[in-house]
Amino acid sequence: MFHRIIRTLELYDGLRLPVRVAGVELLLVHDDGRTWLIQRRCPHGEFPLERATVHRGVLRCPGHGLEFSLESGRCAKQSYQLRRYRIDYEGPWLGVWVADGD
């Protein structure tokens, strides 16, 4: 099932949009013309990432300053992994597909 998150016309640089899809907390990040969908909380300390900074595709957690590549999800200095989700489009909508039962 396709879950709509936001219309593409509503995207802007600096957007950090927390959403819940099928019971999972996600964060839509739009920066420098690119969009990512990731887990909402830091895998290290559970800090909410909507207050994170992003620069050149690197997200910096507001809690302990850990940095994660938005392309790979990998933490630069430790073994933490940020879960990423595939973004899909349906007409003017950006969203994510979730299988029934997930």
Between [Y] and [X], is there a salt bridge with N-O shorter than 4.0 Å?
X   : Y   : answer
R34 : E71 : yes
R40 : E25 : yes
R56 : D31 : no

Taking the side chain as every heavy atom from C-beta outward, state whether [X] and [Y] have any atom pair closer than 4.5 Å.
X   : Y   : result
L70 : V54 : yes
P43 : L82 : yes
V19 : L27 : no
I87 : L28 : yes
W36 : Y85 : no
V98 : V21 : yes
L59 : S69 : no
L15 : I6  : yes

Heavy-atom closest contact ([X] atom, [Y] atom, distance):
X   : Y   : value
E46 : R41 : O-NH1, 3.0 Å
F68 : Y80 : CE2-CB, 3.9 Å
D13 : G33 : OD1-N, 2.9 Å
P62 : P48 : CG-O, 3.7 Å

Please say yes or no: joined through hydrophobic side-chain contacts below 4.5 Å, possibly via intermediate residues, are V29 and L9 part of one cluster?
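No, no single cluster joins them.
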Is it possible for you to say whether I38 and L17 belong to one hydrophobic cluster, with membership spreading through side-chain heavy-atom contacts below 4.5 Å?
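No; L17 is not reachable from I38 via cluster members.
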Rounded to the nearest 0.5 Å, what separates atom [atom1] in [X] from atom [atom2] in [Y]?
X   : Y   : atom1 : atom2 : value
E67 : C61 : CD    : SG    : 10.5 Å
C42 : H64 : SG    : NE2   : 8.5 Å
H44 : C75 : NE2   : SG    : 8.5 Å
L26 : L37 : CG    : CG    : 5.0 Å
D88 : H3  : CG    : NE2   : 12.0 Å
Y89 : T8  : OH    : OG1   : 8.0 Å

Backbone N or O of G14 within a donor-acceptor pair of the R16 side chain at under 3.5 Å?
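Side chain of R16 to backbone of G14, a donor-acceptor pair under 3.5 Å: yes, one is there.
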Ignoring hydrogens and angles, tell me if any N or O in the side chain of R20 forms a donor-acceptor pair with the backbone of G23 under 3.5 Å.
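Present.
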Given R60 and H55, is the side-chain contact (heavy atoms from CB on, under 4.5 Å) satisfied, shown in steps?
CA-CA 8 Å; R60 182 181 169 104; H55 181 69; over 6 Å; no
